[in-house]
Number of protein chains: 2
Amino acid sequence: MNAPLNGRTQQYHHGDLRRALLDHAAAAISESGVAKVSLREIARRAGVSHAAPTHHFGSREGLLTALAAQGFHALADLMHNAHEQTADFAEMGVAYVQFALSHPAHFEVMFQPHLHQGDDPALRAAQQRAGELLYGAPTLPGTGTRDAGIAAWSLVHGFATLWLSNALPAEQDTPPEQRARQAIRAFLDGRSEGSLAANDD
Amino acid sequence: MNAPLNGRTQQYHHGDLRRALLDHAAAAISESGVAKVSLREIARRAGVSHAAPTHHFGSREGLLTALAAQGFHALADLMHNAHEQTADFAEMGVAYVQFALSHPAHFEVMFQPHLHQGDDPALRAAQQRAGELLYGAPTLPGTGTRDAGIAAWSLVHGFATLWLSNALPAEQDTPPEQRARQAIRAFLDGRSEGSLAANDD
DNA sequence: TACGGCATCTTGCCAATGTCAAGATTCGGC
DNA sequence: GCCGAATCTTGACATTGGCAAGATGCCGTA
């Protein structure tokens, strides 16, 4: 077959089909939710045959597992950068919320273990990396750091989940980051001033 | 056909098939997750034909919508009772977590709007009832109550979600309610003493 | 350059699922 | 006692995930 040299339109070997499939999957999921997205629709979007995704990911679970792993790595990267740029605990939380809102498909898949094949080593590794960054970086001195860390993560995770679920009461003209900031401040208000920042390394 | 008078085993009219289907659906979902549960399996569990669920709920979305509405009502009831029994803010949060952990299937379906038919009036009503109880009852005086309410709900909701996602670091022999209590206390520590309780009516 | 192994992708197929239409069975009101 | 309506079943169809077998193109080796 005449393979176009630009490497785009129609060719048997796609070049980077795996990444393309993950991208299309994320787009489709953020539009319709995981439940309504089929492997075949993802294949259609990518312009390949219906069995191509199965070859790359083994199964639908496999694709969602890969998507979750990708999400945990992206989250870890983001938290890493955020921790380098600021030691402000509130801003780290805002960064977490921003990740969730800008990657809704990944976020949706990441925290639904039923969608994963739990023994996947890549997912396990990505989860662990993100977990260490989430627990290592933000701690609120003055209390049991473990519990405070869990509480902090719960707060921002819950806010993101509720926002994405459309569960929060409507409030016009207030962007989500600002509402998240306000909620986190409500969390921090009343604390002693010195404990606001994350511990530097 | 010989209809047994005890009203159980085999009869054309089940009696309360709708409720039975919801029960079986909740059980199946809590075992395998929403994604892997089919209408036909629910029908099989209930011992009826594969099209019986569709008759009662119109579609798979319809069944999940009904399940979500049932969940919001149960949550509203629980919060109502909790608010009558205690004014302790922390214990209200623990009650919220307990609901999520004891009704994982409902909780899983309640906060995934993609699974619902959004215009369902019963779901809308149940959501609003639960929402009013969640926002009316727990307020932390001393800050903008709206933001504090959002933060509080986010905290307990996030904890429940993370726990159900198996995302929290393992800690042997510590039951989830206690860990939730610890996390909430970490939230409250450092606040002025008087603002711990919910406002009485 | 020729060639052989191999990863990539396609085609064809099957069982299972959600949904619909038509029929069977039973309940409730008159 | 009877008729309409609600409940549930049977049968069918398009779609889906997964598998097997084949087609296609890439890459290293001689």
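Chain A is the first sequence line, chain B the second, and so forth, proteins listed ahead of strands; every chain is numbered from 1.
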Nucleotide dG18(D), atom P - distance to CG of Leu63(A) in whole Å
10 Å

For the pair made of CG in Leu17(A) and C1' in dT10(C), what is the distance, rounded to whole Å?
12 Å

If a pair satisfies side chain to side chain donor-acceptor pair (under 3.5 Å) and one of its residues is in residues 23-39 of chain A, list it, with sequence neighbours excluded.
Glu31(A)-Arg45(A), Lys36(A)-Glu61(B)

With side chains defined as the heavy atoms from C-beta onward, is the minimum distance between His106(A) and Phe72(A) less than 4.5 Å?
no

How about Phe99(A) and His103(A): are their ring centres within less than 6.0 Å of each other?
yes

By the definition side chain to side chain donor-acceptor pair (under 3.5 Å), identify the one residue from Arg181(A), Gln98(A), Gln85(A) that meets it with Glu91(A).
Arg181(A)

Without decimals, in angstroms, what is the distance between His56(A) NE2 and dC6(C) P?
18 Å

In whole Å, what is the span from the NZ atom of Lys36(A) to the C1' atom of dT15(D)?
16 Å

If the test is side-chain contact (heavy atoms from CB on, under 4.5 Å), which one of Leu21(B), Ile29(B), Val48(B) qualifies with Ile42(B)?
Leu21(B)

Evaluate the ring planes of His157(A) and Trp153(A), with Trp represented by its six-membered ring, and classify them as parallel (under 30°), tilted (30 to 60°) or perpendicular (over 60°).
perpendicular

Any donor-acceptor pair under 3.5 Å from Ser165(A) side chain to Ala167(A) backbone:
no

Distance, rounded to the nearest Å, where Ile42(A) contributes CD1 and dT16(D) contributes C1':
12 Å

Using a cutoff of under 3.5 Å, can you pull out all pairs of nitrogen or oxygen atoms linking the protein to nucleotides 18-20 of chain C, with atom names and distances?
from, atom 1, to, atom 2, distance (Å)
dG18(C), OP1, Leu39(B), N, 3.0
dG18(C), OP2, Leu39(B), N, 3.0
dG18(C), OP2, Arg40(B), N, 3.2
dG18(C), N7, Arg40(B), NH1, 2.4
dG18(C), O6, Arg40(B), NH1, 3.2
dT19(C), OP2, Arg60(B), N, 2.7

Quickly work out the Leu64(B) CG to dT17(C) P distance and round it to whole Å.
15 Å

Just checking Arg18(B): base, sugar-phosphate only, or nothing, at a heavy-atom cut-off of under 4.0 Å?
nothing

Can you find a heavy atom in the side chain of Leu168(A) that is under 4.5 Å from one in the side chain of Phe159(A)?
yes

Between its two end axes (five pairs each) the helix from dT1(C)-dA30(D) to dC30(C)-dG1(D) turns, nearest 10 degrees, through 10°

Salt bridge or not between Arg129(A) and Asp77(A)? Use side-chain N to carboxylate O under 4.0 Å.
yes

Round to the nearest Å and state the distance from Leu21(A) atom CG to dT10(C) atom P.
10 Å

Separation of Gln117(A) atom CD from dG17(D) atom C1', in whole Å?
14 Å

